[in-house]
Structures are given as structure tokens and as C-alpha cells.
Amino acid sequence: MATGIHYEVPAPAAPDEARQELDRLLNNLHKHGVLRIANDFLEASTDVSRIVLAGANQPQSRNVMQNVSLLVMALGKVPPERLAVLSRAVTEGLERMETAADERQRSRAPGLTGTYKLLHDEALWSGLSPLLEGLRGFAQCLHEKEEKPAAKRHD
Amino acid sequence: MPDSQLCTVTVDDRKLVGPADIPLIEFLAGHQISLPHICYDATLGALQTCDICWVVADGQLQRGCSLKARDGLRIGVNDEQAEQARREGADRIVARHELYCSVCENNNGDCQVHNVVREMEIPYQRYPYRQKPYEVDDSHPFYRYDADQCILCGRCVEACQNIQVTETLSIDWQSDDPRVLWDGGEVANESSCVSCGHCVTVCPCNALMEKTMLGEAGPLTAMPASLKRPAIDLIKAVEPTVGFPLIFGLSEIDSAWRQPEIKRTKTVCTYCGVGCAFEMWTRDRKILKVQPVEEAPVNGISTCVKGKFGWDFVNSEDRLTTPLIRDNGQFREASWEEAYRLIAHRFNEIKEQHGPDALSFVSSSKCTSEESYLMQKLARAVIGTNNIDNCSRYCQSPATQGLWRTVGYGGDEGSISDLAGAELLIIVGSNTAESHPVIATRLKQAQKHRGQKHIVADLRRNEMVERADEHIHPRPGTDLVWISAIIKYLFDNGLEDREFLDAKVNKVEEYIRSLESFTLEYAEEITGIEAQRLAGLARMIATAKSACAIWAMGVTQHVNGSDVSTALANLMLVTGNSGRPNTGCYPMRGHNNVQGASDFGAMPGRFPGYEFVADDAVRERYEKAWGVKIPSGKGYNNHTMVQAIHDDKIRSLYVMGEEMAIVDADANYVQEAFDKLDFLVVQDIFFTRTCEQADVVLPGAPSVEKEGTFVNTERRFQRLYQVMEPLPGCKPDWLILTEVAGALGAPWDYQNPSEIMDEAASLAPMFAGVSYDRLEGFKSLQWPVAADGTDTPHLYMDGYPFADGKAKLHALDFYPPGEKLDETYDIHVNNGRLLETFHEGNLTHRSRGLRSLVPGNFVEVSPDLAARRGVKTGSLVKLISPYGEISVHVLVTDRVTGNEVYVPENATDNEHAINILTSNDADKDSDTPAYKEIAARMEVVQVDGPPPLPPTNHRFWKATPQSGVLTERKWQRQDYVQPPGQARNPEKF
Ligand code: SF4
Ligand code: SF4
Ligand code: SF4
Ligand code: FES
């Protein structure tokens with residue numbers, strides 16, 4: 001006998017609290033693109049450096065890194081004398097990333113849980129922290145700027 | 001290519017040889033010369049709006065996109081004047097379009113504006129960018145329009161006016177600040193827009209964006225708006241110093257960053273028999289967008305609202321993710337192993353007690369062909385019964401029957417291109433614009449651009465009717481009579497194609513004799529269509545050089561569904577409209593794989609490729625391959641299974657991917673049958689009404705979570721690739737079937753659906769040459785497919801698949817509809833699909849956007865009936881038939897007339913589902929339920945109530961048809977200066 005029984009599919013299982021907190025944090029970072037930037041940068045570093053280097057080699061166009069520096073200067077937060085350090089760091093970072101990326105199998109983006117695992121990778125953190133630090137600085141600078149009314153047009 | 005089709009074009013003093021008469025842009029691309037262009041598109045043609053593609057041709061500056069390659073053409077691309085003109089064009093574009101690529105959702109490597117400005121190496125912004133006096137239009141549920149970013153290329157307008165032919169969009173070239181308009185107004189969601197997405201797909205920049213992309217496309221697009229604007233302003237502040245290379249350097253980096261995370265997978269739409277293929281862009285399980293591509297064989301850049309925007313159901317929170325077992329009056333979660341063990345145990349037990357024919361199997365026209373193949377193999381080889389069917393029984397079996405009787409193959413004669421190429425279409429009982437939307441676009445195009453004529457027979461004023469050249473409204477269920485009367489008139493007046501009949505058709509004289517009673521006068525009496533009108537239509541059909549017949553459920557879902565299908569095939573044969581291009585019969589297959597489910601043997605009497613189970617030689621072939629004995633007797637079909645359950649002949653049922661409890665006719669009777677079953681297994685992705693009566697529920701996977709093939713209405717195989725992993729806990733249906741067979745002791749070992757296809761192709765001669773390699777990417781094959789891979793875009797070019805190669809006319813009698821109106825049941829309830837919903841709605845109801853367009857079910861009532869019954873839009877009424885009753889809100893509309901009402905299929909519960917009203921009557925030849933024959937009465941429950949459709953629904957708005965983008969109006973503007981002349985206010989156009 002197969003009389004109808006109603007069944008509510010339960011909401012996806014709730015994780016334990018600590019894990020939940022961490023996931024929420026991760027999710028926020030993810031939502032705001034921070035982790036995506038990091039992940040994507042790692043995944044794409046070969047492409048990115050190729051583009052940067054190709055750009056730098058074009059006589060008529062300015063060196064992209066210089067342009068990035070210009071941007072940072074415009075923010076008025078980086079003293080000009082530190083620019084040399086910055087560009088050296090960027091170049092070195094890119095080179096290292098290129099080597100690293102070549103060694104890694106090109107795999108799928110790690111996703112949220114993958115990222116969670118990555119978070120426990122010390123070496124990765126130390127590699128990423130300057131980048132994240134830079135981003136944080138960048139975001140702060142932006143925060144300090146007054147919002148223009150036009151902003152709402154691109155909500 | 002023969003020399004006659006080649007030409008020599010001189011380009012900057014180089015002589016280049018290539019195909020003649022193709023657009024110059026394509027010709028040059030063939031020689032690796034990239035002529036910058038934005039508004040030109042292979043599908044849309046030369047719109048001539050962007051002013052970027054200038055060349056000097058025959059001594060004059062001309063827009064390159066407007067030229068075609070021809071012998072003797074001389075053009076200058078590197079000519080200084082042309083270069084200046086192109087630069088001026090590009091400068092105007094960036095005056096209208098702010099380049100903030102790194103934070104733009106469209107910066108994915110395929111943004112045409114970005115690519116052109118970069119390739120042209122535009123060093124800096126010459127004209128300042130100016131905002132337009134319009135807010136971003138965020139009103140539409142699926143896309144957003146930003147006039148500030150719109151370059152007024154008109155692609156969206158062309159796509160809407162001339163590809164989709166809904167004719168909503170225009171550009172007000174004469175206004176002070178031209179922009180894109182919806183029905184002449186500024187709010188996208190208050191318009192006739194049917195959300196097909198063409199405009200968004202073709203927009204060369206981010207002016208029209210899918211909302212699912214917003215903030216999701218790249219690492220930086222996720223930036224909150226409060227940061228985004230300052231970031232843009234910041235970059236714009238440094239841009240005068242550093243020029244565009246900065247912007248492009250950053251945006252190229254950004255675009256490269258996006259690539260690893262954005263996955264683009266080819267898939268095939270699961271929502272109708274048209275078979276649109278496209279790329280789905282995803283990040284993990286997030287669907288970023290559906291991106292149609294030019295090379296898709298069926299649809300090119302086209303989609304409808306469901307295919308483009310209706311996929312969020314796959315991430316719905318109430319997906320089934322674990323097997324369920326009925327236990328003590330409730331369902332409990334179970335492991336796969338336990339579920340399989342229980343199924344094997346109960347199947348074996350029932351088989352032992354009652355024999356194999358006490359078990360039955362229903363495959364799904366939504367699942368892949370490989371899955372249908374396995375379902376029939378499970379029934380035949382593992383259990384030993386031919387009780388296997390699929391839900392095409394509910395829609396298309398009569399059409400197949402009609403074709404088998406006359407022309408031989410149960411499939412559309414030709415391709416969609418044949419429909420588009422025909423001079424005349426006879427469309428009967430097919431709401432093509434809503435049920436097969438992308439095919440409808442091709443028909444509307446042919447009508448609008450090439451003067452194709454449409455004769456449309458329908459009860460309801462749907463879009464095909466509104467656009468028809470001739471519309472007839474026969475009394476319900478009487479199509480056979482008017483079609484036969486037209487045929488008789490043709491013979492009586494010597495208008496038949498005698499030569500064709502003599503050469504290619506049998507049983508002509510016998511058929512003519514059978515027509516005797518079908519005079520025009522008799523037809524007028526039965527159908528209500530004037531005799532003279534029918535005579536006129538007959539002449540119109542006879543004089544058309546090529547004609548196709550299109551039909552759908554309005555024909556098939558009647559007690560005489562097979563006969564009316566046969567009559568249409570007869571008509572095509574009598575007029576010689578078969579066996580040559582642009583002719584033939586085209587029943588519109590409803591679901592994505594209606595064709596494939598039957599093609600691959602999920603039918604009680606046929607093996608894959610339609611070979612008879614009763615044929616000893618064929619059966620032996622399968623027995624040898626599978627190493628089992630197969631019964632020779634035909635099994636029960638979907639519809640007769642229900643009766644067999646009531647009669648205690650069937651004890652167990654295994655339903656895959658079908659909401660049988662709601663979609664079979666006389667749903668109460670079906671549900672009562674399920675109550676009687678000893679054992680019911682339901683495999684689905686949601687807990688459906690059918691699941692409620694199951695003993696075991698197995699969580700399957702939707703199309704995007706598995707591989708396989710679908711066969712569309714043109715008999716075309718297309719491959720779907722796995723877009724994302726199955727949701728944890730779910731399995732692809734082919735794998736579930738493999739494991740169930742394993743639990744029953746069968747040595748199945750399929751690792752991939754390609755192995756299933758290989759097996760089927762090795763056994764069914766009709767698919768001999770089908771393989772995954774031959775279907776790679778966007779490649780496709782139309783059956784029959786010979787072993788060497790040769791396929792058949794148009795059947796019957798070399799005769800018909802009967803012994804002497806001839807088709808046959810099939811004599812018919814008229815069987816009137818089963819359910820007749822009387823004093824108690826005085827309302828005829830028609831029913832069918834809506835554009836925004838799919839079948840009963842288990843998938844589409846879980847798409848937020850689609851649901852917002854049509855929040856619930858309703859009944860369309862004519863103004864006349866509404867006045868007589870004192871109801872209005874929003875009133876709650878009961879529809880009561882002899883079989884049950886439903887409650888629905890009223891929508892008063894002139895789409896229906898008199899006492900004919902229309903209820904969409906769109907409901908998943910007994911309160912609202914149309915099949916509570918349908919009878920158990922069925923087509924006498926195919927057992928397809930006579931869904932379209934409902935007599936009911938209407939009782940008013942409450943006069944005042946909420947309108948069932950939101951006022952923004954496209955059905956309430958009036959389109960603004962025009963011939964196209966009307967670029968000449970832009971040129972007529974006072975302030976328009978032709979490049980290289982400098983524009984005074986370039987941001988205005
Ligand atoms: S109907 Fe709507 S979505 Fe389709 S092209 Fe027109 S405006 Fe765009
Ligand atoms: S919205 Fe239309 S006119 Fe504007 S850029 Fe996009 S396709 Fe062109
Ligand atoms: S539902 Fe049909 S027409 Fe719409 S996109 Fe899917 S296959 Fe194409
Ligand atoms: S491509 Fe020729 S004007 Fe736009």
C-alpha cells in the first residue's frame with residue numbers, strides 16, 4: 001500500500017558553530033572577492049605575468065607596473081622613495097609565482113572548501129600576506145575618499 | 001569551392017582571393033586582416049551604427065560592414081582617410097562608454113568594445129566621456145540596462161525586432177539623448193519583453209547585463225558599489241596622464257585572473273524539443289550566465305527565457321540529496337546501498353510471486369537518451385518485461401503514429417531551416433511562440449522578412465494567431481473534418497499534385513473514395529468554418545511552391561489525435577509537399593528529449609531505432625548481445641499501466657523523472673492506482689507529488705550535472721557535457737540505473753554514458769554511426785545515421801522506408817470528441833503550456849525569476865463569459881468536471897472566446913492541476929490521453945481577488961514593431977557629422 005506521505009526536504013545540514021563562524025568569515029571574504037582575488041591570482045599567475053611582461057615590452061605603451069605604481073602614488077599613501085622597493089618586490093613575486101605556477105598542475109579553482117584547506121597552508125599564507133596587505137591598504141584608501149553621488153548609478 | 005564562387009578583392013594593393021558575396025569583414029578575417037567593427041555581427045548583419053569600420057572602397061569612404069566581397073572590388077584599409085574615420089568612430093564610442101574594465105562584469109576576454117579600442121591602440125580619450133540623463137534601469141528580473149554605458153550600436157534592437165521578433169526595443173534617434181526604449185518607454189519590466197535574452201546576448205559591452213553576472217564575474221567586480229565608484233573615479237583621474245594603456249593593462253590582468261575560475265561548458269537546454277545548445281558559465285555551482293554561441297546548430301545566438309535565465313532550480317535548497325525509504329508511515333533517509341537492496345529484494349519478490357509482467361517502468365523525456373536506453377534494458381533484460389514507456393505517450397505518440405502510417409519515420413521530415421525556407425506554413429494546435437519559442441523566432445523571421453505565409457488553426461488567440469495571415473477557429477476536436485474537406489476539395493478541383501502522387505504515393509484511389517462525406521458544407525456544419533473560407537485556404541495551399549505542416553498538442557491530445565496527425569500527413573502528400581527541401585510534416589516535440597526517449601526504446605513494443613520487439617530476428621540480436629531471453633509480447637504503455645494497476649495486473653512501478661501523479665490524465669484515478677501498488681520507486685531531483693506515494697525515492701541529477709545526449713524535434717543528436725558535479729548525495733540517473741541493475745545481479749559496468757551510446761549504436765541500425773566523437777562540442781547528427789557517420793537532415797529525399805519506396809495515403813473516419821458540452825458541463829476547458837513554465841512546473845517553479853513572472857496557476861476567461869458570470873480578473877472560481885475540481889483565479893482576456901477557457905499546465909498540486917479535470921479517455925490508436933477534451937462547469941467562489949499575473953507580465957503590453965534599427969534616422973540628425981569629420985556632441989549618438 002502506498003498511501004501518500006508528505007515529506008519536507010530538510011534544509012541543508014547546519015554545520016557546527018565554530019565551523020559555521022569560520023565559514024561565515026570565509027564566505028564574507030569570498031563574497032567580497034578577497035579570496036577570489038587570491039585564488040585567481042594563484043591560478044592565473046602565469047597568464048598574468050605573461051601579460052604584464054608583454055605589456056612592459058611594448059615600447060609605445062608604458063610599463064604596466066609603472067602605471068600601477070602611478071596609481072598607488074595617486075593615492076598619496078606610498079612615499080615615492082619606496083617605489084623602487086615596491087616594484088622590485090612585485091617583479092620578484094611575479095617571477096616566483098610563475099615558477100610555482102608552472103610546477104602546479106593546472107587544476108580547478110579550489111572553491112570555498114578548497115580555500116578553507118588552503119588557509120592551513122603556512123607557506124601559502126606567507127606568500128599571500130603582502131598581497132592581501134596591499135589590497136587592504138588599497139581598500140582603506142578608497143574608504144577614506146568621499147563617496148561621489150554618481151556611485152549609486154552603478155549599484 | 002568552385003571557381004565560380006570565388007572572387008578577387010584588392011586590399012591595399014594586395015590581391016586576395018576568397019569566397020564571393022560574403023560580408024567584407026568575414027572575407028578579410030579569412031585573410032587574417034581584422035577590420036575593426038562593433039555593431040556588425042554575423043547573425044545581425046550590418047547595422048552601420050558604430051562608425052568604426054571605415055574603408056575606402058572604389059575611391060570613396062564607406063562602412064566596411066556594408067560591403068560584400070565581389071570580383072574587382074578595390075578597398076583601402078590602411079588608407080589615411082579611412083584610418084582617421086575609424087579613429088573618429090572609436091573616439092565617439094569612448095565618449096559614450098566609460099572604460100572601467102577591471103571592475104566591469106563584461107571584461108571576460110570577449111567584450112567587443114574593449115577589444116576594438118585596444119586593438120586600434122587608441123592612446124587616450126579625445127572627447128570627454130559624458131554621462132547621460134538616465135538612471136540605471138534595474139527593473140527587469142533578469143537583466144539590467146545602463147544607458148551610461150550604452151554605445152547605441154542597435155544590436156539589441158535588431159535582435160529584438162528581427163531575430164526574436166518580439167519587437168519591443170527601439171532607439172529614439174531623434175531625441176536629445178537617444179537611448180534604448182522598451183515599447184517606447186524607459187522601463188524594461190513594463191513592456192512586451194518576453195525575456196528571451198537575445199538583446200543581452202548580443203550587447204557588445206556591459207550596457208545590457210545578465211543580473212546573475214553582476215558582482216560575480218571577476219575578482220574586482222565583487223567590490224561593493226561604495227568602493228567601485230571611487231575606484232573608477234580614481235582610475236579616471238590618473239588616466240589623462242597615463243592614457244588608455246593603463247586601463248587596458250589592468251583590465252587584461254583582470255580578465256586573465258577571471259579565466260581559471262569561470263568554467264564554460266557546452267550544454268543543451270532541458271526545457272523543450274527545440275534543442276538549444278549553449279555555453280553555461282559557472283563558478284563552482286554558481287551559474288553566472290548562459291551564453292549562446294553562433295555555432296550552435298539549432299539556435300545560434302537564440303534562446304528563450306527558460307533556456308537563458310531559468311536554471312536556478314539546480315541549486316534549489318529542496319533538492320533531494322539522499323535516498324528515502326518509506327518506513328512506518330513516514331519517509332526516512334537511507335543509504336544508497338540500503339535503497340538498492342530493498343529495490344532488488346522487492347522486485348525479485350514481486351517477480352517471483354506474480355511474474356515479470358507485474359513490474360513496469362516509466363522513463364523520462366527529460367532524461368538523456370542513454371538513460372532511456374538503460375531503463376528499457378533494465379525492464380527487458382534484467383526483469384524480463386516489455387512494460388516500459390516514457391512520457392511522450394502524453395504528447396507525441398499520435399503524431400508518430402500518423403507519420404508511421406503515411407511516410408514511414410516517426411520524426412520531423414526535415415530541419416528547422418526547412419520550416420524557415422517554406423513559402424507556406426500550416427500551423428495547427430501549436431502555440432509555437434510559447435511552447436517552442438526559438439523555432440517560433442525562425443517562423444516569425446521568415447514571415448517578417450521573406451513574406452512567408454502562415455495559416456493558423458487554433459482555439460486560442462496566441463501569438464502565432466495574432467501574427468497569422470489566415471486564422472481559423474474550428475470547433476474543438478474537429479480538425480480532422482476541415483483538413484479532410486480541404487483535401488477533398490483539392491481532388492475535386494484537380495488541385496492535387498498528380499505527378500507526385502503517381503510517382504511516389506500508394507493507395508491514392510482508395511483514399512479518394514474515403515473522402516466522399518467530407519464536403520465543404522459538411523465541414524462548415526461540423527467545424528463552424530465557412531465553406532468558402534476553406535476553399536480559399538485549399539487554393540492557397542495548392543498554389544504554394546513549398547509548404548510544411550506544423551502541429552502540436554492541440555492536435556494530438558484528442559481521441560482522434562493519431563487520425564488528425566495522419567490527415568495532416570495526407571494533406572502534405574496530396575499537395576506534393578514531401579521529399580524535397582522546405583516541405584514535410586513537423587510535429588513539435590514537446591520536451592527536450594521526447595524524441596530520444598522513444599528513439600532509444602522506452603516504448604512497450606519497440607526496441608531502440610523503432611524495431612519491433614515482436615520481430616524474431618531483431619529480438620534475437622538483442623538477446624545475443626545482452627545474453628538473456630526477451631519476451632516478444634508488447635507491454636503496457638504509460639496510460640494502460642494505470643488501468644493495469646487498478647486491475648491488479650501490475651504490482652510495481654519504477655518512475656524516472658516524471659511527475660506521473662499530476663501529468664497523466666484523470667489524476668485522481670492515477671493517484672488511486674498508486675495507492676494500490678505493492679511497490680513504487682520514484683527517481684527525481686525534487687520531492688514531487690509522485691514521490692509522496694513512493695516506497696523508495698532516489699535522488700537523481702539534472703542535465704547540467706551529467707553527460708549524455710538529447711535528440712531534438714529535428715531528430716538531431718546533441719551532446720551535453722557535465723557543467724558541475726552532482727550535488728553531494730545525488731547521482732546521475734544513468735549511474736543509478738546501472739547500480740540498480742547491479743543490485744539485481746546484472747553485470748552492467750558502464751563507466752561513462754559514451755559506452756551506453758556505443759552499445760546502442762552497435763545494436764540499432766538507425767543510429768549505427770552515432771558516437772560521442774562525432775558529437776563533440778557543438779557537432780550534431782540527425783538520424784538515421786549510417787555507420788560512416790552520414791546523417792539525414794531531410795528524410796525521404798530518396799523515397800520512403802516502405803518495401804516499394806512509396807508513401808501511402810491513409811483513409812480516415814471522423815471520431816467526435818469524447819467529452820461533450822451539455823447543460824451541466826457547459827465550459828470547454830482548453831489547456832497547455834506557458835512560455836515561462838515547463839510542464840507541471842517542478843523545475844520552473846523553483847526558478848525565482850521565472851516564478852516572479854507567473855506566480856501561480858489561473859484560468860483565462862473571455863470578456864463575454866466573464867460578463868455573463870459576473871467575474872473579473874482576480875475572481876476565484878472552481879472548475880468542476882465529472883472527474884474532479886480545481887480552484888483558480890480568473891484572468892479575463894480576449895485570447896479566449898465564448899465558453900472556451902484556458903488553464904495552463906502550470907501546477908504541482910491537486911488544488912490547481914488541470915489533470916484533476918481530465919477524463920481517462922485517450923486517443924484510440926496510441927492511448928495518448930485526450931487532455932484537450934474537457935467539459936466542465938464554472939462556479940464562482942469569490943468575486944474579488946488578486947490578479948493572477950503581475951501587471952508587468954509581457955502579455956499586457958503592446959510591442960512597437962519596426963523594420964530594424966533605423967540607422968538612417970541617426971544620420972538625419974542635425975548634429976550628425978560623418979567621420980572623419982569631428983562630432984560636436986559625440987556622446988549623443
Ligand atoms: S524580448 Fe526582451 S529580452 Fe528578448 S530581445 Fe526583446 S527586449 Fe531583449
Ligand atoms: S544596450 Fe543595445 S544599443 Fe546599447 S550597447 Fe548594448 S546592444 Fe548596443
Ligand atoms: S526551452 Fe526550448 S526554445 Fe527555450 S531555450 Fe530551451 S530549447 Fe530553446
Ligand atoms: S561595424 Fe560597420 S558601422 Fe559598425
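So you know, we letter chains A, B, ... as the sequences are listed, proteins then strands, and number each from 1. Since the structure is predicted, the reported quantities are computational estimates derived from the model, not experimental observations. Below, each value reflects all heavy atoms present in this structure, side chains not excepted, and no hydrogens, waters or symmetry copies.
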* Could you tell me how the ring of F687(B) sits relative to the ring of Y7(A): parallel (under 30°), tilted (30 to 60°) or perpendicular (over 60°)? => tilted
So CD of Q330(B) and NE2 of H6(A): to nearest 0.5 Å the spacing works out to 13.5 Å
Of all heavy-atom pairs linking D318(B) and V9(A), the shortest is O-CG2, 3.7 Å
Applying a strict 4.5 Å limit to non-hydrogen atoms, the region of E333(B) in contact with chain A is side chain
Applying a strict 4.5 Å limit to non-hydrogen atoms, the region of R285(B) in contact with chain A is neither
Note: vs chain A, highest number of non-hydrogen pairs under 4.5 angstrom among T321(B), T690(B), L324(B) is L324(B)
